[in-house]
Amino acid sequence: MELVTPDIGLLVWMLLSFTIVLFILKKFAWKPILNMLNEREKFITDSLESAERAKKEMKALQSDNERILTEARAERDLLLKDAREIREKMISEAKGLANKEGERLLKTARENIQNEKMAAITELKNQVAVLSIEIAEKILKAELSSDEKQKSLVKNLLQDVNLN
Amino acid sequence: MTNKVNRFKSILLFFIFLFTALSVSAYENIENDGKASADSTQEPKKEGFNAGKLVMNHIADSHEWHIFGSEENPVSIPLPIIIYNKVNGWSLFLSSNFEHGKAAYKGYTYVEGKIHSEDGSGFYDFSITKNVLSLLISLTIILLVFITVAKAYDRNKNKAPKGWLGAVELIIIFVRDDIAKAAIGEKHYARFMPFLLTIFFFIWVNNLLGLIPIFPGGANVTGNIAVPIVLAVFTLVITLASSNKNYWRHIFAMPGVPIFVLPIISLLEFVGIFLKPFVLIVRLFANILAGHIVLLVFFCLIFVAGQASTGAGLGASVPAVAFTIFINCLELLVGFLQAFVFTFLSAIYFGMAIAEPEHH
């Protein structure tokens with residue numbers, strides 16, 4: 001029975017000291033600790049949220065960048081293709097022009113050559129005619145320089161005629 | 001959520017029943033031992049080892065803090081004695097004046113840990129006893145620890161706690177989330193937090209101090225009925241002070257109860273108001289007391305066996321020490337568990353006091 005009978009002394013001391021400690025702790029320990037805990041939890045949640053937001057923004061930014069990059073790349077490709085086409089067109093045009101000019105030049109050259117050739121041939125023909133006449137003249141002169149020669153010639157000619 | 005709470009409740013109930021049963025049986029044993037020792041003192045048996053008396057001396061309050069040595073000539077710390085006598089007024093002196101019960105001083109004698117007046121006049125004993133000193137030591141520890149913690153929080157705002165502060169924070173958050181928020185609810189828990197944290201750490205620190213065998217531990221503070229009484233009275237007062245209309249309606253006009261049953265229910269509910277803190281008192285007191293008793297009884301086995309022969313004493317010491325270690329580990333768990341149960345049930349009572357009417 002002694003165990004379950006509270007001592008007045010301990011009861012009073014317990015009541016007194018516990019009450020005092022309860023109030024001191026409430027004011028100087030629990031309030032600041034709990035406030036700080038709440039504050040920190042709030043801070044952590046806020047930080048996480050803002051990090052999440054930043055991540056999303058970053059992602060949006062990245063996809064934007066990528067879009068711009070692909071657009072730029074496509075544009076570059078287009079420009080390159082155009083340039084290539086223009087170049088090819090220019091080259092082919094130039095080639096065509098050059099060919100045409102060449103042909104024209106060739107043609108005129110050929111015509112000139114032909115003309116020159118014709119002129120030369122005519123000239124040559126004339127020359128040959130003159131020369132032939134001169135040669136024939138000289139040969140005749142030489143062949144018919146004496147009477148004997150004239151006679152033999154006639155003889156030969158007559159022999160050829162024979163009687164056939 | 002409800003599933004978790006239910007499982008939790010059933011585990012809780014199991015432990016409560018287990019330890020209540022354990023403590024009741026242990027207490028009965030000690031009562032018998034006490035009677036046996038009382039009988040044996042009447043027929044003087046010199047030099048005998050009296051386990052019951054030793055155990056009772058250790059768990060009872062005392063005016064000197066015994067450290068070691070025999071009962072007649074111990075080494076102990078004398079404690080101040082403060083007595084108010086209606087005739088003689090206040091007297092203040094050290095308990096060493098009693099010379100361990102061998103001498104009378106200022107008209108008072110000291111017998112078996114209690115002060116008696118020689119002329120039989122009534123007096124009030126407000127002495128700083130072993131339990132009071134232990135109580136003051138534990139409260140000082142709590143104050144120092146938590147004011148240090150609060151200062152540390154003030155220094156590193158919004159930073160993770162370092163070292164042992166992390167462990168303290170873990171328990172504070174445990175009390176907040178798993179006790180206060182779980183039992184009272186998100187809306188109202190904050191105003192009960194200071195009290196819940198204080199009783200939790202108070203009970204736990206004192207339970208742990210009680211397990212340390214030498215000064216400044218070893219006193220049986222939470223196992224002394226006066227301490228749980230004060231704690232439970234606090235719980236009762238706070239419950240009643242914060243109770244709302246709905247709480248009283250559930251006691252005196254339980255909705256959905258037929259009018260002819262209402263008086264019985266109301267009576268039971270009314271008794272329940274006081275029964276709840278009473279159960280809190282008995283549970284904490286009996287558990288801690290039983291823990292101390294069981295620990296001491298196992299130790300006493302060595303000397304009880306030693307009375308038969310030295311060999312038996314040595315032989316008994318091996319299992320006895322093993323059992324003591326086991327019980328000590330169990331008591332570490334019980335120390336925490338009882339702090340938790342007391343706090344949790346207090347929180348549940350607060351939760352009942354502020355509960356809003358349910359709309360069905």
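Just so it is clear: chains get the letters A, B, ... in the order the sequence lines come, proteins before strands, and each one is counted from 1.
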B:Phe202 and A:Phe18 aromatic ring geometry - parallel, tilted or perpendicular at 30°/60° bounds
perpendicular

Not counting sequence neighbours, list each pair that qualifies as a ring-ring contact (aromatic ring centres under 6.0 Å, His included) and has a residue in residues 70-124 of chain A.
none

What residue in A:Thr19, A:Leu37, A:Ile44 has the most heavy-atom pairs under 4.5 Å with chain B?
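Heavy-atom pairs under 4.5 Å are most numerous for A:Leu37.
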
Validation row: [X], [Y] side chains within 4.5 angstrom (heavy atoms):
{"X": "A:Asn38", "Y": "B:Arg176", "result": "yes"}
{"X": "B:Leu197", "Y": "A:Leu25", "result": "no"}
{"X": "A:Pro32", "Y": "B:Asp154", "result": "no"}
{"X": "B:Ile147", "Y": "A:Ile24", "result": "yes"}
{"X": "A:Asp7", "Y": "B:Thr129", "result": "no"}
{"X": "B:Val227", "Y": "A:Leu11", "result": "no"}
{"X": "B:Tyr153", "Y": "A:Arg40", "result": "yes"}
{"X": "A:Trp13", "Y": "B:Ile82", "result": "yes"}

Does any backbone or side-chain atom of [X] lie under 4.5 Å from a heavy atom of chain A? Answer side chain, backbone, both or neither.
{"X": "B:Phe195", "result": "both"}
{"X": "B:Tyr84", "result": "neither"}
{"X": "B:Ile229", "result": "side chain"}

State the CD1-OG distance between A:Ile8 and B:Ser127, to the nearest 0.5 angstrom.
12.0 Å

Side chain / backbone / both / neither for A:Ser47 at chain B, heavy atoms under 4.5 Å:
neither

Non-hydrogen atoms of chain B under 4.5 Å away: do they reach the side chain of A:Leu34, the backbone, both or neither?
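The side chain, not the backbone.
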
Shortest non-hydrogen contact between A:Ser17 and B:Leu135, atoms and distance
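Between these two residues, the closest heavy atoms are OG-CD2, 3.5 Å.
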
Ignoring hydrogens, what is the shortest heavy-atom contact between B:Ala150 and A:Phe28? Give both atom names and the distance.
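Smallest interatomic distance, heavy atoms only, reads CB-O, 3.4 Å.
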
I'd like to know whether [atom1] of [X] has more than 12 heavy-atom contacts from other residues, nucleotides or ligands below 6.0 angstrom.
{"X": "B:Lys181", "atom1": "NZ", "result": "yes"}
{"X": "B:Phe278", "atom1": "CZ", "result": "no"}
{"X": "B:Tyr124", "atom1": "OH", "result": "no"}
{"X": "A:Phe23", "atom1": "CZ", "result": "no"}
{"X": "A:Glu148", "atom1": "CD", "result": "no"}
{"X": "A:Glu75", "atom1": "CD", "result": "no"}

Of all of [options], which one pairs up most often with chain A through heavy atoms under 4.5 Å apart?
{"options": "B:Val221, B:Thr198, B:Ile281", "answer": "B:Thr198"}
{"options": "B:Val230, B:Ile142, B:Asn224, B:Ile173", "answer": "B:Val230"}
{"options": "B:Met193, B:Glu169, B:Lys114, B:Lys151", "answer": "B:Glu169"}

For B:Ile172 and A:Trp30, what are the C-alpha separation, side-chain angles and deciding distance, and is it a side chain to side chain contact (heavy atoms under 4.5 Å, CB included)?
CA-CA 9 Å; B:Ile172 292 174; A:Trp30 304 135; 4.3 Å; yes

With side chain to side chain contact (heavy atoms under 4.5 Å, CB included) as the criterion, how do A:Met14 and B:Leu231 come out once you've worked through the C-alpha distance, each side chain's angles and the decisive distance to 0.1 Å?
CA-CA 9 Å; A:Met14 170 66 190; B:Leu231 294 176; 3.7 Å; yes

List in chain and number order the residues that pass ring pair (Phe, Tyr, Trp, His ring centres under 6.0 Å) with B:Tyr110, two or more places apart in sequence or in another chain; answer none if no residue qualifies.
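B:Tyr110 satisfies ring pair (Phe, Tyr, Trp, His ring centres under 6.0 Å) with B:His63, B:Phe98 only.
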
Identify which one of B:Thr140, B:Leu143, B:Leu136 satisfies the side-chain contact (heavy atoms from CB on, under 4.5 Å) criterion when paired with A:Val21.
B:Leu143

